[in-house]
Amino acid sequence: MAAAPLLAVSATSLYASLIEPHSYHIIETNILVPELPAAFEGFRIAQITDVHHSRIVPIAEVHRVVEAAMKTKPDLIALTGDYTTSYRRYIEPCAEALGELSAPEGVWAVLGNHDHYTDPLLTVRALKRHRVSVLENANTAITRGGDTLQLLGIGDWTWGRADWARALHGVDKRRPSVMLSHQPVVLDLPEAEGVSLILSGHTHGGQVSLPLVGPPIRYGRDFKYVQGLYEKNGTQLYVSAGTGVIGLPVRLGVRPEISVLKLKRA
C-alpha cells in the first residue's frame, strides 16, 4: 500500500515536468468593448507572454510558441514581457525567434520585470532589430479605413518604469483603447481607469494550481489577478498564464497559454 502514494507522486512529478509545460493551450476570449468602431468588430489579438527563454526553456520551445500563435491568424500580436530570465546571451536568439511573428497590424511589445533585471536596453534593441515594435510608455493608433483603435504600452510598474504621462499622451479615454502592461496590478491604479482593455502576464497563472486550493501564488501581495478576465470601473483586464517557466521547470494544473482576444462591440 505504501508504494501507491509514492507512485502517484512520481507520476505527478513526471507529468508536471515532462508533459504539461509543453502542452500549449490556445484560449480564445470575446472582449466586449463599448463604442468599438465597426472596422474592428471581430478584431483578433494574439497575446504571447512570459516565454522566459533560458537554460530550462530552450529556444525550440520559443519557436513552438511562435508557430502556434501564427496558426491563430491574428490581426495583431501583443507581447507582454519576460522574454528571458537572467542572462544576456538568451536575449538575441529569443528576439530572433519572436521576429518570425507577423500580423497585418503588426507585432507590439512591452518589457517585463525579468527584462529589466537582465538588460532592458539590449532587449529593446534586439526586439526592434527583429521587426518587433516596442511600446514602452508610448502609444500609437491602429487604423482601418476611417476607424482607429488606440494601442498603448506602459513600462514595468514594479521596477518604477511606468511613465503614465508619456504612455497616455494624446490618448482619448472616451474612445476604445488597448494597453499592454506586464504587471496586472496596474488595474488598481487610477491612471488605468478609462482604458478599455489591459493585456498582462507576469503571474504564469500561478504555474502550479492545486486541487481545492488553486494557485498558491494568489495569496501573494502582488498577485491579486492571476489568470483570465477581470473588470474594474469599466476597465477590463486579461491576464495570460504565459508559456514559459521560472524556478523549477514545471507546470501543474496551469497549461502554458497563448491567448486570443476577439474584440466585439458591446
Side-chain angles (χ1 to χ4, degrees), residues 27-49 69 72-81 103-112 133-157 162-203 224-242 257-266:
I27 298 182
E28 294 203 17
T29 305
N30 288 334
I31 305 292
L32 299 180
V33 180
E35 307 301 325
L36 183 72
F40 290 92
E41 178 71 28
F43 191 78
R44 294 168 62 83
I45 302 173
Q47 181 192 2
I48 297 173
T49 193
T72 68
K73 302 186 184 304
D75 295 297
L76 180 147
I77 297 174
L79 310 179
T80 49
E105 306 300 343
V107 182
W108 302 86
V110 292
L111 302 189
S133 301
V134 180
L135 279 177
E136 279 286 287
N137 298 312
N139 65 78
T140 188
I142 306 300
T143 303
R144 286 192 156 190
D147 292 336
T148 60
L149 176 67
Q150 300 172 109
L151 180 69
L152 56 151
I154 191 71
D156 191 89
W157 180 72
D163 187 332
W164 290 96
R166 288 178 56 199
L168 293 170
H169 180 71
V171 171
D172 184 351
K173 287 188 175 181
R174 296 169 299 180
R175 296 166 48 219
S177 56
V178 176
M179 182 171 78
L180 312 185
S181 169
H182 182 69
Q183 301 286 346
V185 292
V186 300
L187 180 63
D188 291 336
L189 302 181
E191 294 90 343
E193 189 170 339
V195 173
S196 304
L197 172 66
I198 303 171
L199 302 182
S200 295
H202 181 59
T203 66
K224 179 178 179 181
Y225 307 108
V226 178
Q227 183 181 10
L229 187 62
Y230 302 86
E231 186 272 338
K232 185 174 183 178
N233 297 328
T235 294
Q236 297 181 84
L237 164 72
Y238 188 85
V239 185
S240 171
E257 172 186 352
I258 297 168
S259 319
V260 178
L261 296 311
K262 187 176 181 180
L263 306 186
K264 307 282 289 183
R265 186 181 178 91

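Proximity of a side-chain donor or acceptor of T49 to a complementary backbone N or O of T80 within less than 3.5 Å is detected. A donor-acceptor contact shorter than 3.5 Å is absent between the side chain of N139 and the backbone of L151. Between the N137 side chain and the D163 main chain, a donor and an acceptor come within less than 3.5 Å of each other. Judged by distance alone, with hydrogens and angles left aside, the side-chain atoms of Q150 form a donor-acceptor pair with the main-chain N or O of D172 at under 3.5 Å.
To the nearest 0.5 Å, atoms CG (L149) and CZ (F43) are separated by 6.0 Å. From I198, atom CD1 reaches atom CG of L152 across 8.5 Å, with rounding to the nearest 0.5 Å. Atom OG of S259 is separated from atom CD of Q47 by 4.5 Å, given to the nearest 0.5 angstrom. Note that NZ of K262 is 8.0 Å distant from CD of E41, once rounded to the nearest 0.5 Å. For the atom pair I27 CD1 and L229 CG, the distance stands at 11.5 Å (nearest 0.5 Å). Atom OG in S177 sits 12.5 Å away from atom CD1 in I142 (nearest 0.5 Å).
Side chains of S181 and Q183: a donor-acceptor N/O pair is absent below 3.5 angstrom, by distance only. Side chain to side chain, R175 and S196 fail the donor-acceptor criterion of an N or O pair below 3.5 Å. In the model, E257 has a side-chain atom that pairs as donor or acceptor with a side-chain atom of Q227 under 3.5 Å.
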#### Entry: Stepwise side-chain contact (heavy atoms from CB on, under 4.5 Å) check, W164 with I154
CA-CA 7 Å; W164 290 96; I154 191 71; 3.7 Å; yes

### Task
Just do the salt bridge (charged side-chain N to carboxylate O under 4.0 Å, His left out) check on E35 and R265 with the steps written out, would you?
CA-CA 6 Å; E35 307 301 325; R265 186 181 178 91; 3.5 Å; yes

#### Entry: L197 and L263: CA distance, side-chain angles, deciding distance, side-chain contact (heavy atoms from CB on, under 4.5 Å) verdict
CA-CA 10 Å; L197 172 66; L263 306 186; 4.1 Å; yes

### Query
T29 and V260: side-chain contact (heavy atoms from CB on, under 4.5 Å), yes or no, with the steps?
CA-CA 6 Å; T29 305; V260 178; over 6 Å; no

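Under the 4.5 Å side-chain criterion, counting only non-hydrogen atoms from C-beta, R44 is in contact with T72. Considering only heavy atoms from C-beta on, L199 stays 4.5 Å or farther from M179 through its side chain. Side-chain contact between W157 and L189 is present, with at least one heavy-atom pair separated by less than 4.5 Å. P176 is listed as a side-chain neighbour of P37, based on a closest heavy-atom distance under 4.5 Å. In this structure the side chain of I45 never reaches within 4.5 angstrom of the side chain of I77, judged on heavy atoms. Within the 4.5 Å cutoff, the side chain of V110 has heavy atoms near those of the E136 side chain. Residues F40 and D75 have side chains not in contact (no heavy-atom distance under 4.5 Å, counting atoms from C-beta outward). The side-chain heavy atoms of T140 and W108, taken from C-beta on, include a pair separated by under 4.5 Å.
Residues E105 and R144 share a closest heavy-atom pair of OE2-NE, 3.1 Å. Of all the heavy atoms in A167 and G153, the pair that sits closest is CB-O, 3.7 Å. Residues L237 and P184 share a closest heavy-atom pair of CD2-O, 3.6 Å. Residue P74 comes nearest to P104 through the heavy atom pair O-CD, 3.4 Å, listed as atom of the first residue, atom of the second, then distance. Closest non-hydrogen pair, T235 versus V195, comes out as OG1-O, 2.9 Å.
Enclosure of atom NZ in K232 by more than 12 non-hydrogen atoms of other residues, nucleotides or ligands within 6.0 angstrom is indicated.
For the side-chain contact (heavy atoms from CB on, under 4.5 Å) test, residues two or more places apart in sequence or in another chain that qualify with A69 are I48, L101, I258.
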